Amino acid sequence: MTDESFQPLTDDLPEQLRIRREKRARLLAEGVEPYPVELPRTHSLAEVRSAHSDLPADTSTGDVVAVTGRVMFVRNTGKLCFATLVEGDGTELQAMLSLNNVGADALNAWKAHVDIGDHVFVRGEVITSRRGELSVLADEWRMAAKSLRPLPVAHKALNEETRIRQRYVDLILRPEARDTVRVRAGVTRALRESFHRRGFVEVETPMLQTMHGGATARPFVTHSNAMGMDLYLRIAPELFLKRCVVGGIEKVFEINRNFRNEGSDSSHSPEFAMLEYYQAYATYDSMAVLTRELVQEAAEAVFGTQEITLADGSPYDLSGEWASMTMYGSLSEAAGEEITPQTPAELLRKLADARGLEVDPKLGHGKLIEELWEHLVGDHLTAPTFVRDFPVETSPLTRQHRSVEGVAEKWDLYVRGFELATGYSELVDPVVERERLTAQARLGASGDDEAMRLDEDFLRALEYGMPPSGGVGMGIDRLLMALTGLGIRETILFPLVRPE
RNA sequence: GGGCCGUUAGCUCAAUUGGUAGAGCUGCGGACUUUUAAUCCGUAGGUUCUGGGUUCGAGCCCCAGGCGGCCCA
């Protein structure tokens, strides 16, 4: 225990912070520990509630309990004090301190020392008040942990920046913030259980890499002092998970963090949780079925239904089969004319112009198709939809379609208008893969810092023979967005923010 | 990267044309033995994000910057 005698602090602190520090000092001066190491708690608030549900008003149970909780509201009258205590899961229970039961000293100490936000310990009989509120009528109370900062007003929404910068305050004040954390935990747990039921093996592959790959994105660069070389934070686990499949781990998944050196907005974060899964002798068709089932099972596990309700109260139906369309087919329909992988870039550019869509004149056929599709079709999708068969040139790690020329066996899953997951029939021919990666490396050499690198070790692995496989990547944060209707910065507990 | 908006008390927000910076909650003091965001009386609390400029005078106008939000690329 700190030996510190009471003296008023004259620090240049705001009044309310200063006063709470003085209260702490005064407790110490009176020989009371403001942060005791242990308290003889006998019940959680939830246990008291469940043991005494539905009592009539003004009941004495004779049951003595010792509970703890954070003080959220205080209602003091002259000789009777009420406080609303809350514990971590949001369960509330009222504490009552009456002059008759605790005596004048303890009651005065309560009034003098206890602020909203403090953790307190209360021992006493479980009763209901005259208004019927389940309460612990104290015969003893102690400080459990003195709060030195006033909690923001509980009845007004905290501004978004403070909610993110001080998530701990957001969690204290907003039940929905706590719910989001639990929903997220429930979703990742449900995913793992779904995979384990199907015989998938969970692995963890490198996040520090000597060469980044598996996606088109700028990496974060860091430095190893011991190795005397720069390392990359991974942008995707793909190339390592494929090495696993080569090695015979034929059903494999990983849930882990990816890092992409980009800004953040309502659906992007530079650091995000990624799920990738690969299965030997699967195709993008069977992976689409698996993906739908994973999402449906997660919804079922967390909400008990596939017909979910989003944060704004609107319903969203995830049940049953999901819509499926091809990229060229849906684009042709939306554009009112036939567009194929053979449609020249020049014509696509004219199409974009005609719709007032500004596109980079350097874009080739593949990027133009994706841009056009996004504006003409993607922006209007709301129901869960698989969009299949992408241009080959923008899918360098994907297998050419088995029957359609110029198209890759790749789908994107759109949910509520944003991209939730991407699935492939994986390209496993090491010679073709080398050609594709060499082309990417040339792009990189000519200044495209999102292009992929030539990963010789990955190609060597493929040369040993990778079975035909399906693969999928799904953003966990986006899955949470899809299931809750929240923005990405609400689904990530501590998003990256600039220092204050 | 570009455009627009915001930044004021612990929290949420006001402030007319450029003329003494306010409110609610919170805090502090008092009253009150059944409250539910308790109530009632009293009271305190400010580097108006930072730096420069214009002006007799700037929260407000101008310039630069920080942080945040929205839209666009």
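The model shown is predicted, which means the values in this text are computed figures rather than measured ones. A note on names: the letters A, B, ... follow the listed sequences, proteins ahead of strands, and every chain is numbered from 1.
Spacing between atom CG of A:Leu17 and atom P of B:rG45 amounts to 16 Å, rounded to whole angstrom units. Straight-line distance from the NZ atom of A:Lys23 to the C1' atom of B:rC28: 9 Å, rounded to whole Å. Put simply, CZ on A:Arg21 is 15 Å from P on B:rC28, counting in whole angstrom units. Atom NZ in A:Lys156 sits about 11 Å away from atom C1' in B:rA14, given to the nearest Å. Rounded to whole Å, the distance from CD on A:Glu262 to C1' on B:rA73 is 14 Å. Atom-to-atom, CD of A:Glu161 to C1' of B:rG6 comes out at 11 Å; the value is rounded to the nearest Å. The CG-P distance, from A:Leu363 to B:rA73, rounds to 13 Å in whole Å. Distance A:His155 NE2 to B:rG10 P: 18 Å, rounded to the nearest Å.
The side chain of A:Glu15 sits closest to B:rG45 out of B:rU33, B:rC67, B:rG45. Relative to the side chain of A:Leu80, the nucleotides B:rC25, B:rU33, B:rC67 differ in distance, and B:rU33 lies closest. You'll find that the side chain of A:Phe82 is closest to B:rU34, out of B:rU34, B:rU12, B:rC28. Comparing B:rG68, B:rC28, B:rC11 by their nearest atom to the side chain of A:Asp115 picks out B:rC28. Closest approach to the A:Arg75 side chain among B:rG68, B:rA38, B:rC11 is made by B:rA38 (side chain taken as heavy atoms from C-beta onward). You'll find that the side chain of A:Arg498 is closest to B:rC67, out of B:rC67, B:rU12, B:rU34. Nearest to the side chain of A:Arg165, among B:rG27, B:rU34, B:rC67, sits B:rC67. In the set B:rG27, B:rU12, B:rU33, the nucleotide with an atom closest to the side chain of A:Thr77 is B:rU33. Comparing B:rG27, B:rC11, B:rU34 by their closest approach to the side chain of A:Ser129 singles out B:rU34.
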Legend entry - Working for salt bridge (charged side-chain N to carboxylate O under 4.0 Å, His left out), residues A:Arg388 and A:Asp412: CA-CA 7 Å; A:Arg388 299 156 53 93; A:Asp412 272 4; over 6 Å; no
Inset, instruction - Verify salt bridge (charged side-chain N to carboxylate O under 4.0 Å, His left out) between A:Glu133 and A:Arg49, making sure each step is shown before the conclusion. - result: CA-CA 11 Å; A:Glu133 185 75 33; A:Arg49 278 216 169 275; 3.6 Å; yes
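The separation of B:rG19 from B:rC61, taken at their C1' atoms, amounts to 15 Å, rounded to a whole angstrom. B:rG52 and B:rA15: their P atoms are spaced 28 Å apart (whole Å). Going from the P atom of B:rU48 to that of B:rG10 covers 12 Å, rounded to whole Å. For the C1' atom pair drawn from B:rU43 and B:rA23, the interatomic distance equals 16 Å after rounding to whole Å. Rounded to whole Å, the separation between the P atoms of B:rC62 and B:rC5 comes to 11 Å. B:rU47 and B:rG30 are spaced 28 Å apart, taking the P atom of each and rounding to whole Å.
Both A:Ala154 and A:Asn100 lie near RNA chain B, and the one whose nearest nucleotide falls closer to the 5' end is A:Ala154. Nearest-nucleotide positions on RNA chain B place A:Leu158 closer to the 5' end than the other of A:Ser135 and A:Leu158.
The shortest side-chain heavy-atom distance between A:Val136 and A:Ile127 does not fall under the 4.5 Å cut-off. Taking 4.5 Å as the limit, every side-chain heavy atom of A:Leu148 sits out of range of all side-chain heavy atoms of A:Leu17.
In this structure, B:rU12 forms a base pair with B:rA23, meeting either the Watson-Crick or the G-U wobble geometry with both donor-acceptor distances under 3.5 Å. Pair check for B:rG68 finds B:rC5; Watson-Crick or G-U wobble, both atom distances under 3.5 Å.
By the ring-ring contact (aromatic ring centres under 6.0 Å, His included) test, A:Phe121 is found to be paired with no residue, residues two or more places apart in sequence or in another chain being considered.
Annotation: cation-pi geometry satisfied between A:Lys410 and A:Phe390 (NZ/CZ under 6.0 angstrom from ring centroid, within 45° of ring axis).
Side-chain nitrogen and oxygen atoms of A:Lys79 include at least one within less than 4.0 Å of the OP1 or OP2 phosphate oxygen of B:rU33. An OP1 or OP2 oxygen of B:rG29 is reached within less than 4.0 angstrom by no side-chain nitrogen or oxygen of A:Lys111.
Aromatic ring orientation, A:Trp110 versus A:Trp141: perpendicular (interplanar angle above 60°, classes split at 30° and 60°).
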